[in-house]
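Working notes, beginning with the structure itself.
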Amino acid sequence: MRIVDETNGRQLACVAARAGTELRVAYVHSIYRQPASEEFVVRDDALELTRLRSPSLPVMEYYARREPIQQDVAGYTIEVAPERHQSLPVLVSRLGERTVHYDGRVWPLYELAADGDRVRVSVGPRPRICTLWPSRR
């Protein structure tokens, strides 16, 4: 799994990806100012979106998904019909506090990149450069 700041080409993280492991992107919704997250399962060559979460019903309604919104003890979820993504483009902002959680590690993108930077999260063969410069977190 790699996180690269595409604005300046700097690698922010590089760790071995394990198929079947969960990856979560947590953030604060820019309109409703409520926490939310997008949950993915790592595949050999892609990330598969499986679930959306938030304690806020308006955040869930904002997604305008065809799948039903379900209530649970932590708030609301949408169990997504799995969607494969080759990579995830993420816009960094202090307001959004976008944070990647993977395999017990946490990368607060708003601390690792500048406000407005474009970051890409991807999986695939581990580049040799990852071995030379392991992830900081």
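What you are looking at is a predicted structure, and each value in this text was computed from that prediction instead of being measured.
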Judged by atom type as modelled, is there a donor-acceptor pair below 3.5 Å linking the side chain of [X] to the main-chain atoms of [Y]?
{"X": "Q86", "Y": "D45", "answer": "yes"}
{"X": "R98", "Y": "L91", "answer": "yes"}
{"X": "D117", "Y": "V92", "answer": "no"}
{"X": "E48", "Y": "V42", "answer": "no"}
{"X": "S54", "Y": "P35", "answer": "yes"}

Task: Enclosure of R65 CZ (heavy-atom neighbours >12, cutoff 6.0 Å) - done: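 More than 12 within 6.0 Å, yes.
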
Open item on the list: Tell me if the CZ atom of R84 is crowded by more than 12 foreign heavy atoms within 6.0 Å.
Closed with: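 For R84, atom CZ is crowded (more than 12 foreign heavy atoms under 6.0 Å).
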
To the nearest 0.5 angstrom, please state how far the [atom1] atom of [X] sits from the [atom2] atom of [Y].
{"X": "I78", "Y": "E38", "atom1": "CD1", "atom2": "CD", "answer": "10.5 Å"}
{"X": "H29", "Y": "L95", "atom1": "NE2", "atom2": "CG", "answer": "10.5 Å"}
{"X": "R2", "Y": "L12", "atom1": "CZ", "atom2": "CG", "answer": "10.0 Å"}
{"X": "M1", "Y": "D103", "atom1": "CE", "atom2": "CG", "answer": "9.0 Å"}
{"X": "Y102", "Y": "R24", "atom1": "OH", "atom2": "CZ", "answer": "14.0 Å"}
{"X": "I69", "Y": "Y63", "atom1": "CD1", "atom2": "OH", "answer": "10.5 Å"}

Side chains of [X] and [Y] in contact at under 4.5 Å (non-hydrogen atoms):
{"X": "Y27", "Y": "V90", "value": "no"}
{"X": "T99", "Y": "W107", "value": "no"}
{"X": "E79", "Y": "E67", "value": "no"}
{"X": "V100", "Y": "I3", "value": "yes"}
{"X": "V4", "Y": "V119", "value": "no"}

Provide the closest heavy-atom pair for [X] versus [Y] in the form atom of the first, atom of the second, distance.
{"X": "L49", "Y": "L52", "value": "CD1-CD2, 4.1 Å"}
{"X": "V123", "Y": "A17", "value": "CG1-CB, 4.1 Å"}
{"X": "D5", "Y": "A113", "value": "OD2-CB, 3.4 Å"}
{"X": "G20", "Y": "V41", "value": "CA-CG1, 3.8 Å"}
{"X": "Y110", "Y": "R94", "value": "O-NH1, 3.1 Å"}
{"X": "A19", "Y": "D44", "value": "CB-OD1, 3.5 Å"}

Open item on the list: Do the side chains of D72 and R53 get close enough for a salt bridge, i.e. N-O under 4.0 angstrom?
Closed with: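 R53 and D72: salt-bridged.
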
TODO: In plain terms, say whether R118 and E6 are close enough for a salt bridge, that is, a side-chain N and a carboxylate O under 4.0 Å apart.
DONE: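 Here R118 does not pair with E6 in a salt bridge, since their nearest N and O are not under 4.0 Å apart.
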
Open item on the list: Quick check: is V28 connected to M60 through a chain of hydrophobic side chains (ILVMFWY, heavy atoms under 4.5 Å apart)?
Closed with: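 Result: no, two separate clusters.
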
TODO: Under the side chain to side chain contact (heavy atoms under 4.5 Å, CB included) rule, what do L23 and V121 come out as? Steps first, then yes or no, please.
DONE: CA-CA 10 Å; L23 180 140; V121 179; 4.1 Å; yes

Open item on the list: Would F40 and H85 count as a side chain to side chain contact (heavy atoms under 4.5 Å, CB included) here? Give the steps.
Closed with: CA-CA 9 Å; F40 299 83; H85 298 269; 4.1 Å; yes

- [ ] Mind telling me whether Y32 and Y62 have parallel, tilted or perpendicular rings, with 30° and 60° as the class edges?
- [x]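 Y62 and Y32: perpendicular rings.
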
Open item on the list: Under a 3.5 Å cutoff, is there a donor and acceptor pairing between the side chains of S87 and R120?
Closed with: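 Short answer, yes.
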
